[in-house]
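Presented below is the structure to which this report refers.
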2 protein chains.
Amino acid sequence: MVSIADVAARAGVSPTTVSHALSGKRKVSDRVRARVESAMQELGYVPSRSAQNLAIGRTRVVGLIVPDIRNSFFADLTHGVEAAAIRHGYNVILCTTGFDHAREVDYLAMIRSRAVDGLIYAAGAPPTNSQLGALLGDLPLVLVDEEVPGASAPSFVSDNLAGGRLAAEHLLGLGHRRALVIAADGGLVSSDLRVAGFRECWEASGAEPPLLASGAFTEEGGRAAIGRHPEVGAADGPTAVFAVNDLMALGAIGALQQAGVDVPGRVSVVGFDDIPAGRYAHPRLTTVRQDVDELGRRAALALIAALADEPAERTDQPDRHVLPVSLTVRQSTAAPTTDQGKVVNRG
Amino acid sequence: MVSIADVAARAGVSPTTVSHALSGKRKVSDRVRARVESAMQELGYVPSRSAQNLAIGRTRVVGLIVPDIRNSFFADLTHGVEAAAIRHGYNVILCTTGFDHAREVDYLAMIRSRAVDGLIYAAGAPPTNSQLGALLGDLPLVLVDEEVPGASAPSFVSDNLAGGRLAAEHLLGLGHRRALVIAADGGLVSSDLRVAGFRECWEASGAEPPLLASGAFTEEGGRAAIGRHPEVGAADGPTAVFAVNDLMALGAIGALQQAGVDVPGRVSVVGFDDIPAGRYAHPRLTTVRQDVDELGRRAALALIAALADEPAERTDQPDRHVLPVSLTVRQSTAAPTTDQGKVVNRG
DNA sequence: ATGAAAGCGCTAACAC
DNA sequence: GTGTTAGCGCTTTCAT
């Protein structure tokens, strides 16, 4: 292990000078700099990150907590975070909770030991609300994708309310008047907002209130919700389904098709997220698109900015940043057929 | 920042004793241990990871290099790695190269500065062959998914050769005799082996040698390959396509369908990997399944074991571990139709 | 069973 | 423009 002292000795200068030649934090004469540089070269010197971390009190590493990296939504988010972080000289430690409590505890221990300078938290499960603050201590924190009711940290989320409205408008525009909404279990704010946006818009149109189902945030959750509502696609039953994420929407389509209900012939389905699988599905999924990559990027930049600022700066109001969403119309939605409900003309 | 000295003072013992009470590396009387523990509690003490790292010379962090986390193959791999790592007390720093050279350089700097104890490397691009060793120094390294010709590191890969054979056997068994193989650009060992396995089996059956195309390891790559081979699905043209990964297979199917060629009616397609999108595609994709999660798990365990052993142990022969693959038959393959080539009976 | 003291390798006042 | 020196907070001989 070649240390800064070795380099200093070889170049005939002090360790301080080597340090400054490396960091540029103070002037070093060209002659000396050249000697130092060749000494480093010859010795194959690379500064020890551990020593630097201890000396400066920071690690230039941020933690990213996501429920499951195999979910392509979180993979995209991670991509955005990592790309932004690396551009600013930060590395990211990936922490996937997998909804496992033991793991969360391990992560918290790591976090509290200041192995990371800050944290980006995408809560996938009903988050540890008020506990969060206690567990994290005063570690800089940014929430992304999912807001945590109690927490006083900046958050970056998609416009879930508007997304729900977009889905409702699209379906109403096609002539649908009876809908089933599939929400996520566990009181996730994002799910609640999507449902709220949908209902608000739907009911404002004068259509009858949508049916409500809920389930796990997975394909199986969507499948099961349809199982519990055999009236979907039946005479006088709902002709439209809005699922609060694509996985559930895909599951719903699968269950519908299995029950012999044509999509979109008999029932239209719209999802939320715009994951790759939705583009390959049959029919291709109409969905509300989130710019997940950007969500991750913005969250990372915010955290890094907070880390650079004086800690005092952190008492800023915990602002909530909401990013726009858009509707991507594909083949899983169509006008309802006249034999199963009167088509109503409307704006 | 409460340090070990604070705890020691409060408990009326020396820092040494606090350290040992924490690590259990030597006996501490119950009385003292109790005092130390409550002192830690009251002060909210958490040991500084940076200080520990510097003192013990290790970080308990491993690096994972993958080309792109958004590719679900690598997301699965990452999941396997991370799960195994965390169970053994290691964290993982995610490094996505995105085929960007600047980033690779940043990562190498981090790695050489001993920010990580070891490295798991899934080379997605034509890897930095012989350079690799030089760049990494003597950092413990494990290769996964893709082997690097020069490198003298243990590797964990799927049985690509057998996978290629499986695909060929399946297609031959259905009665196909003319095939197009879509390989990946860039001389990736995995692609070469898959192609080799396929050809070997194909030609051994007496069928005419398959046509060969190649392209990027992406959906677009598969699409373009079909574009360059309009004879696929035409009279006397190939009735089967084997793409060396699912993304390319999906692209090929899309291009075929766009050209009015029915899959599997007129042309059968088999992929490799078994990514989620293949299960949603229409027709659902027949493919060679890799146990990616296990690949990642095994690689992580091997690295961690190497880190625990005496460094001397590392001179072991750089073993190559190959994991079995299996064929998942779905709807993208069928017997060739008689009007486009005589059906031949076989085995 | 417990302590004193010397590092681990770097940074940053504070001198000159 | 360069050097001295004192930490950063922990682990770990070596004593007792």
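Letters A, B, ... are given to chains in the order of the sequence lines, protein chains preceding strands, and every chain is numbered from 1.
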Discussion item. Any donor-acceptor pair, under 3.5 Å, between the side chain of T17(B) and the base of dA1(C), if you only look at N and O atoms?
Written reply: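 Between dA1(C) and T17(B), which were checked side chain against base, a qualifying N/O pair under 3.5 Å is absent.
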
Practice prompt. Look at the side chain of R26(B) and the base of dG3(C), then say whether one donor and one acceptor between them are separated by less than 3.5 Å.
Written response: yes

Phosphate OP1/OP2 of [N] contacted by [X] side-chain N/O (<4.0 Å):
X	N	result
K25(A)	dT11(C)	no
Q52(A)	dG9(C)	no
S19(B)	dT12(D)	no
T16(A)	dT4(D)	no
S3(B)	dG9(D)	no

Worksheet item: Just checking I56(B): base, sugar-phosphate only, or nothing, at a heavy-atom cut-off of under 4.0 Å?
Response: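 Counting heavy atoms under 4.0 Å across all strands, the contact made by I56(B) is with sugar-phosphate only.
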
Discussion item. Base, sugar-phosphate or nothing for P47(A)? Non-hydrogen atoms, less than 4.0 Å.
Written reply: sugar-phosphate

Between atom [atom1] in [X] and atom [atom2] in [N], what is the gap in whole Å?
X	N	atom1	atom2	result
H20(B)	dT13(D)	NE2	P	9 Å
R58(B)	dT11(D)	CZ	C1'	13 Å
L43(A)	dG9(C)	CG	P	13 Å
R31(A)	dG1(D)	CZ	P	14 Å
I4(B)	dT12(D)	CD1	P	11 Å
L54(B)	dG9(D)	CG	P	12 Å
R114(B)	dG9(C)	CZ	P	8 Å
R33(A)	dG1(D)	CZ	P	11 Å

Main-chain N/O of [Y] paired with [X] side-chain donor or acceptor, under 3.5 Å:
X	Y	answer
R70(B)	A75(A)	no
S14(B)	T17(B)	yes
T78(A)	F74(A)	yes

Practice prompt. Please tell me which of the listed nucleotides, dG9(D), dT2(C), dG3(D), lies nearest to the side chain of V28(B)?
Written response: dT2(C)

Worksheet item: How far does CD1 of I93(A) sit from CD1 of I93(B), to the nearest 0.5 angstrom?
Response: 5.0 Å

Worksheet item: Without hydrogens or angle criteria, can the side chains of T59(A) and D117(A) be said to hold a donor-acceptor pair below 3.5 Å?
Response: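 Looking only at side-chain atoms, D117(A) and T59(A) do form a donor-acceptor pair, the distance falling under 3.5 Å.
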
Worksheet item: Starting at the 5' end of DNA chain C, which residue's closest nucleotide do you reach first, Y45(A) or V32(B)?
Response: V32(B)

